[in-house]
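Structure record follows, encoded as C-alpha cells.
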Amino acid sequence: MKTKAAVLWGLGQKWEVEEVDLDPPGPGEVLVKLTASGLCHSDEHLVTGDLPFPLPVVGGHEGAGTIVELGAGVEDLEVDDSVVLTFLPSCGRCSYCARGMTNLCDLGGAVMMGPQLDGGYRFHARGEDIGQMCLLGTFSEYTVVPVASVVKVDQGTSLDKAALIGCGVTTGYGSAVRSAEVRAGDTVVVLGAGGIGMNAIQGARIAGARYIVAVDPVEYKRRRAVEFGATHVAESADSAWEIVSGLTRGQLADACIVTTGVAEGAETGPALALVGKRGRVVITAIGHPEETTITASLLEMTLYEKTIKGALYGSSNAQHDIPRLLELYNNGQLKLDELITREYRLEEINQGYDDMRAGLNIRGLIRY
C-alpha cells in the first residue's frame with residue numbers, strides 16, 4: 001500500500017514528508033493505522049547522530065493506533081484492537097523477560113539496526129529500502145510492527161493521549177518509580193523538565209515524594225513543572241543544591257534523575273553532589289556515543305554509599321505498566337492532556353522539532 005511518512009535521508013537534514021510504499025505484515029506482525037505520534041527528543045538524536053542509526057529511516061517511536069491487518073500466526077490480537085506501540089519489543093521468553101526485565105529483552109538488540117526482526121524492510125521509496133526507528137516508524141499514517149512491540153489497551157482509550165505512554169511517559173515515570181525507587185517522604189531532584197522530566201516529576205509525586213525540585217534553564221518549563229508536581233524549581237544544579245540543602249537540613253536529596261536533552265559527562269558530578277547518603281543518581285538522558293568519561297567524586301561514592309545507574313525505558317515492563325499508567329490517567333492521578341503543548345500535522349514535523357529545540361514545547365504531537 002501507499003502511505004505518507006516522514007523520512008530522514010541524511011545526518012543533519014530535515015525530515016522529508018513523502019509518499020512511500022509499505023509492505024503488508026509478515027508472520028508475527030500487524031499493520032497499524034496511527035492515531036497520533038509524539039515528537040520525542042530521541043528522534044532528534046537521529047538527526048544529530050547521537051544515536052548512530054543507518055539511514056534512510058522512517059522516524060517516530062512513540063505512537064498509538066488501531067490494528068487494520070494481521071500477519072500470519074498472530075494470536076490474541078484482532079482487527080480494530082486499540083494498541084499502544086512500545087519502542088522496546090519483548091519476546092516474553094528470553095532470560096531478561098523471564099526475570100521481569102522486559103525493557104532489556106534480547107529483541108532490543110534490533111531496534112537500532114533499521115530492518116525488521118526478520119532482517120527485511122517494510123518501507124520503500126526512491127528505489128531504496130527504508131528502516132524504522134525502533135522497529136516502529138510512527139512518523140507515518142500506517143506502519144507494520146512486530147507483535148512484540150504492541151500493547152493492547154481498552155477500546156475507547158484516548159489514543160492521542162495514550163501515544164505518549166509509548167515512550168516519554170513510561171520512561172519518565174519509571175525513572176522515578178522504578179529506577180530511582182522513589183518512596184513516600186523522599187526528596188527528589190529532576191534535572192531537565194522536558195517530555196521525560198515532566199513525567200519523572202509526576203512519578204515522584206505519585207510515589208509520595210515530600211519535595212520535588214525541577215531544574216531547567218527555561219523559565220517556561222520551570223513554571224509548567226509546578227503543574228506536574230514540582231514543589232520547588234531552580235535554573236541550575238548549583239541553585240538547586242542551595243534549595244535542597246535548606247529543605248533537608250543538609251541531608252540533601254534521596255534521588256536525582258537526569259533527563260536533560262543530551263547527557264553530558266560533566267553533569268554527573270553536580271548530580272552526585274545533589275544527593276546525600278545512599279543517594280541514587282539515575283541517568284535517563286541519552287549521551288554522546290563517543291563520550292566515555294564522567295566527572296564524579298569516587299570518595300563521595302564510597303564514604304556516603306552513593307550510586308549512579310542508567311535507566312532504559314524507566315526500567316519498565318510495558319505489558320504491565322502501559323495499562324497501569326492509563327488507569328492512573330483515567331482516575332486523574334497522571335496528567336497526559338497537559339503534556340501536549342501543541343499538535344501538528346505530519347507536514348509540520350520540522351516546525352515541531354524547531355519548537356522543541358527552542359524550549360517551547362513539553363511535548364509536541366502529530367495527529368493523523
Side-chain angles (χ1 to χ4, degrees), residues 1-25 29 31-65 68 85 87 110-116 119-145 149 160 163-164 166-168 194-195 261-262 286 288-289 340-361 363-368:
M1 65 178 292
K2 301 285 187 180
T3 184
K4 190 184 298 181
V7 182
L8 181 66
W9 290 93
L11 286 178
Q13 297 183 12
K14 296 287 188 180
W15 294 96
E16 297 193 33
V17 178
E18 57 193 278
E19 188 176 73
V20 300
D21 293 310
L22 177 61
D23 294 340
E29 297 176 346
L31 173 66
V32 177
K33 184 180 189 297
L34 273 298
T35 299
S37 175
L39 297 178
C40 182
H41 200 122
S42 294
D43 293 285
E44 173 73 0
H45 291 314
L46 301 183
V47 177
T48 62
D50 283 330
L51 281 177
F53 200 102
L55 304 178
V57 60
V58 174
H61 65 284
E62 184 179 86
V68 294
L85 304 183
F87 78 94
V111 300
M112 297 295 294
M113 303 303 292
Q116 271 300 338
Y121 291 83
R122 302 299 175 264
F123 285 101
H124 315 275
R126 305 184 191 180
E128 293 191 44
D129 296 328
I130 304 176
Q132 294 170 251
M133 173 60 163
C134 295
L135 304 173
L136 301 181
T138 60
F139 293 166
S140 176
E141 297 170 318
Y142 291 84
T143 189
V144 168
V145 302
S149 300
D160 53 340
L164 304 182
C167 174
V262 179
I286 298 291
H288 302 287
I340 302 171
T341 312
R342 180 178 170 185
E343 294 186 359
Y344 303 86
R345 295 180 295 110
L346 182 60
E347 291 80 2
E348 299 173 312
I349 184 171
N350 291 303
Q351 180 62 54
Y353 276 106
D354 286 344
D355 291 345
M356 183 202 74
R357 295 183 205 102
L360 301 177
N361 286 348
R363 192 54 121 219
L365 185 82
I366 293 174
R367 182 186 290 276
Y368 294 104

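In what follows, every heavy atom counts, from backbone to side chain, and hydrogens, waters and symmetry copies are set aside. Computed from a predicted model, the values in this text were never measured in an experiment.
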Which atom names give the shortest non-hydrogen contact between Trp9 and Glu18, and what distance separates them? NE1-OE2, 3.0 Å
To the nearest 0.5 angstrom, please state how far the CG atom of Asn350 sits from the CD atom of Glu16. 9.0 Å
Do Leu346 and Trp15 have side-chain heavy atoms sitting under 4.5 Å apart? no
Between Glu44 and Tyr353, what is the shortest heavy-atom contact and its length? OE1-CD2, 4.0 Å
For the student: nearest non-hydrogen atoms of Leu39 and Gly352, plus distance: CD1-CA, 3.7 Å
Could you tell me whether Arg345 and Glu347 make a salt bridge, using a distance below 4.0 angstrom between a side-chain N and a carboxylate O? yes
Can you tell if the side chain of Asp43 reaches within under 4.5 Å of the side chain of Met133, non-hydrogen atoms only? yes
Within a strict 4.5 Å, meaning less than it, do heavy atoms of the Leu135 and Gln132 side chains meet? no
Heavy-atom side-chain proximity of Leu360 to Arg342 below 4.5 angstrom: no
Hey, mind stepping through Val32 and Leu136 against side-chain contact (heavy atoms from CB on, under 4.5 Å) and telling me if it holds? CA-CA 10 Å; Val32 177; Leu136 301 181; over 6 Å; no
Shortest non-hydrogen contact from Cys134 toward His61: CB-CB, 4.0 Å
Calculate, to the nearest 0.5 Å, the distance between atoms SG and NE2 belonging to Cys40 and His45 respectively. 7.5 Å
On a heavy-atom basis, which atom in Cys167 and which in Glu62 lie closest, and how many Å separate them? CB-OE2, 3.3 Å
Are Phe139 and Val17 side-chain neighbours, meaning at least one heavy-atom pair lies under 4.5 Å? no
Would you sort out whether Asp354 and Lys14 count as a side-chain contact (heavy atoms from CB on, under 4.5 Å), showing the intermediate values? CA-CA 10 Å; Asp354 286 344; Lys14 296 287 188 180; 3.7 Å; yes
State the CZ-CE distance between Phe53 and Met113, to the nearest 0.5 angstrom. 9.0 Å
Does Met1, at its CE atom, have more than 12 non-hydrogen atoms belonging to other residues, nucleotides or ligands within less than 6.0 Å? yes
Below 4.5 Å, heavy atoms only, C-beta onward: do Gln116 and Val144 meet side chain to side chain? no
Gap separating the CG atom of Asp23 from the CZ atom of Arg122, nearest 0.5 angstrom: 6.5 Å
Quick check against the 3.5 Å criterion: does Thr3 have a side-chain atom that pairs as donor or acceptor with the backbone of Tyr142? yes
Qualifying residue for side chain to side chain contact (heavy atoms under 4.5 Å, CB included) with Phe123, from Val57, Thr143, Asp129, Val7: Thr143
Do Leu164 and Leu365 have side chains that get closer than 4.5 Å, going by heavy atoms? yes
Flag side-chain contact, heavy atom, 4.5 Å: Pro289 against Asp50: yes
Please round to the nearest 0.5 Å and tell me the distance separating atom OG1 of Thr138 and atom CG of Leu34. 6.0 Å
Closest approach of Ile130 and Ala125, non-hydrogen atoms and distance? CD1-CB, 3.5 Å
